[in-house]
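Naming: A, B, ... by sequence-line order, numbering from 1 per chain.
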Number of protein chains: 2
Amino acid sequence: MNRNKNAEPTIHDIARELEISASTVSRALNDNPRISLKTKEKIKAVADKLGYRPNTLASNLRNKKSNTIGIVVPLINRHFFSSVISGVEDVAFKAGFNVVISQSNDLAAKEISIVQSMFSNRVDGLIISIAMQTDTFDHLKLFSKKHIPLVFFDRAVPEIETDKIVVDDFAGAYRVTQHLIDQGYQRIGHLAGPQNLTTYLDRKNGYIDALRKNRIAFDESLIIVNTLTSEEGVLAVQQLMSLPEPPDAIFCGNDTTALSVMIYLRNKGIRIPEDIGIVGFSNEPFSKVVSPSISTIAQPGFEMGQKAAELIIRKIENKERTYQTITLPTELIIRESSSRK
Amino acid sequence: MNRNKNAEPTIHDIARELEISASTVSRALNDNPRISLKTKEKIKAVADKLGYRPNTLASNLRNKKSNTIGIVVPLINRHFFSSVISGVEDVAFKAGFNVVISQSNDLAAKEISIVQSMFSNRVDGLIISIAMQTDTFDHLKLFSKKHIPLVFFDRAVPEIETDKIVVDDFAGAYRVTQHLIDQGYQRIGHLAGPQNLTTYLDRKNGYIDALRKNRIAFDESLIIVNTLTSEEGVLAVQQLMSLPEPPDAIFCGNDTTALSVMIYLRNKGIRIPEDIGIVGFSNEPFSKVVSPSISTIAQPGFEMGQKAAELIIRKIENKERTYQTITLPTELIIRESSSRK
DNA sequence: CTGAAAGCGCTAACAC
DNA sequence: GTGTTAGCGCTTTCAG
């Protein structure tokens with residue numbers, strides 16, 4: 001029946017050509033040991049001749065799996081996230097999985113919509129870093145409920161018990177704060193991100209803990225919480241510098257704000273690191289090459305992606321039911337913006 | 001039959017519950033006007049109650065389309081490419097398409113494998129920027145042959161007639177070279193990328209043309225061709241600076257090499273832009289914030305992605321058969337590294 | 001070692 | 001406005 005020119009050849013076409021059954025063809029193409037080498041070869045030859053390409057859609061439907069891993073990130077176009085995606089793709093491809101990708105733009109509504117669509121598309125597993133905004137989690141619980149592997153990376157939801165790949169934000173923040181203290185800075189401010197996200201909460205807590213361990217008085221007015229965009233970095237530093245006792249160092253919740261803060265201060269004639277020390281978080285590519293270069297905490301994005309993919313693939317294939325939280329180490333990178341000794 | 005607990009409900013389950021036929025359910029869920037409002041509502045209510053989620057796989061198989069757009073880039077983790085991906089995702093999602101993504105790592109073999117896998121997955125269209133290495137195109141011709149929409153962006157294959165979204169590399173290179181000349185640079189070198197890629201070829205030609213129009217003698221020894229990594233940038237600048245008559249300006253084929261070249265020269269005590277002018281290409285995020293900031297050509301990555309997605313979706317939906325090449329304008333961004341006047 | 005037959009979940013011509 | 005039926009292309013029991 002499938003005789004018209006531009007229809008894709010199917011296993012039936014090649015079966016008919018050889019006057020055998022489609023099941024044999026299917027088995028041969030899947031290297032089923034029950035098929036003799038001879039017939040396998042014949043079948044593969046005809047498949048080639050006809051330009052046969054398996055229809056994965058059909059196979060997926062039949063097998064009730066899509067061979068696809070979904071990944072949703074706040075923003076594709078951000079170095080950390082694109083590194084993670086790259087890592088996921090790297091191992092997923094080698095394991096024969098496709099990767100479908102979407103970005104939430106840090107919007108809860110879009111995230112929900114994406115996640116539901118991925119469910120409908122029967123992704124075999126979902127890797128996600130939640131949007132800043134997201135504060136309801138039914139769309140994600142759906143996955144756990146249906147026993148579809150779910151892996152959080154970076155921004156995880158504490159109340160959902162599943163696999164998580166995070167970095168040790170607390171320790172990173174602690175170390176970078178300690179470093180500022182070691183450099184002789186005494187009055188250290190902090191630009192914090194949304195506190196509903198554990199990453200930013202942990203960073204703040206690491207900072208507070210470092211102050212406490214060093215018996216430095218903790219001053220609430222030195223902490224500013226926003227969403228850590230360039231613009232908000234500028235607003236925050238304005239606010240900090242207009243305090244009666246302005247800080248002599250600022251731990252910025254990410255490199256983006258660290259940079260905008262530095263530029264603002266430089267324009268005010270304030271010297272970095274002499275007058276004020278600046279550190280960031282994430283080790284964006286630019287932080288190494290700006291002047292002064294920015295001290296920061298490196299997060300291994302590519303490795304996180306690889307780990308997330310490895311983990312989810314193991315879950316997909318073994319159906320193992322134990323969850324783990326993998327905490328990857330961060331690295332303190334000391335550069336010019338905080339080195340005054 | 002579908003009675004076991006953790007099986008997903010299907011339209012048959014909801015049909016049985018209401019003692020109607022599955023087709024009615026299908027039609028209702030797809031808002032087919034032939035179904036009365038009442039039954040639609042009843043059906044949707046039951047669907048909700050059962051937690052029904054359409055199985056897109058099945059629907060796709062039946063409809064012979066996957067609602068999926070494939071995109072393959074050399075490297076996900078590169079600002080320009082992740083911007084393009086972001087743009088593609090942006091419009092694809094709004095139009096109800098999924099985006100599956102893969103990276104070739106600039107390896108021809110991996111690219112071929114990816115593209116074939118995407119074909120087997122029956123992507124409705126493919127958006128691709130080819131790998132540096134790729135010099136055979138059968139895997140791509142397959143798409144044109146089967147009339148599956150194919151859109152090239154940035155790095156296109158001249159011999160395949162299809163839609164293309166490119167930037168005007170020639171004009172960009174011309175303008176940036178002209179800018180160097182306007183700044184009084186006379187002996188301008190060029191770091192070029194692989195010449196099998198039209199992007200890099202066009203950049204070189206734009207450079208040569210600008211020299212010619214300005215009656216500047218063209219010196220072959222001032223052009224170095226490599227793959228434009230940081231390391232190769234350093235090797236290239238070493239070679240250029242050891243010429244009997246070294247250049248007084250270098251047009252680097254991308255910002256990455258521009259940066260590594262600058263760092264090398266600075267370490268040698270050569271001043272930029274006073275002693276030597278540097279320009280790059282692509283406007284990587286870092287080029288704005290390094291010191292000196294790098295003059296460069298901005299390519300609208302996000303817009304390219306949006307355009308590519310719009311174009312391919314129109315092709316997917318209309319089956320229109322005319323191809324177009326959209327050339328997006330570039331923008332010359334003059335910064336410190338080339339401004340000595 | 002191979003074939004027949006059923007079915008994955010959905011859709012759409014065709015009937016009424 | 002709704003039901004019947006067949007089938008998308010593949011896999012997989014069950015038989016032989």
Salt bridge flag under 4.0 Å for residues A:Glu8 and A:Arg53:
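A salt bridge is absent here (no side-chain N lies under 4.0 Å from a carboxylate O).
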Closer than 4.0 angstrom, basic N to acidic O: yes or no for A:Lys44 and A:Asp48?
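No, no charged N to carboxylate O under 4.0 Å.
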[N] OP1/OP2 closer than 4.0 Å to side-chain N/O of [X]:
X	N	value
B:Ser23	D:dG3	no
B:Lys64	D:dG9	yes
A:Asn30	D:dC10	no
B:Asn60	C:dT11	no
B:Ser21	D:dG3	yes

Can you check the A:Asn67 CG to D:dC10 C1' distance for me, whole Å?
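Nearest whole value for this atom pair: 14 Å.
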More than 12 non-hydrogen atoms from neighbouring residues, nucleotides or ligands closer than 6.0 Å to [atom1] on [X], yes or no?
X	atom1	result
B:Gln324	CD	yes
B:Lys65	NZ	yes
B:Lys42	NZ	no

A:Thr325 side chain reached by A:Asp163 side chain, heavy atoms, under 4.5 Å:
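Answer no - side chains too far apart.
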Taking the side chain of [X] as heavy atoms from C-beta outward, which of [options] is closest to it?
X	options	value
A:Leu61	D:dG9, D:dT11, D:dA6	D:dG9
B:His12	C:dT11, C:dC10, D:dG9	C:dC10
A:Ser26	C:dT2, D:dG3, D:dT11	D:dT11

Side-chain donor or acceptor of A:Arg122 under 3.5 Å from a matching atom on the base of C:dG9?
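Per atom types, no contact qualifies.
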Is the base of C:dG3 touched by the side chain of A:Arg27 through a donor-acceptor pair closer than 3.5 angstrom?
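Between C:dG3 and A:Arg27, which were checked side chain against base, a qualifying N/O pair under 3.5 Å is present.
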Please compare B:Ser59 and A:Ile20 by the position of their nearest nucleotide in DNA chain C and report the one closer to 5'.
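Taking each residue's closest nucleotide, the earlier one in sequence belongs to A:Ile20.
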Within residues 32-41 of chain B, which residues have any heavy atom lying less than 4.0 Å from an atom of DNA chain C?
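B:Arg34 - these, ordered by number, are the residues of the stretch whose heavy atoms sit under 4.0 Å from the strand.
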Return the orientation label for the A:Phe80 and A:Phe153 ring planes: parallel under 30°, perpendicular over 60°, tilted otherwise.
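Rings of A:Phe80 and A:Phe153: tilted, 30 to 60°.
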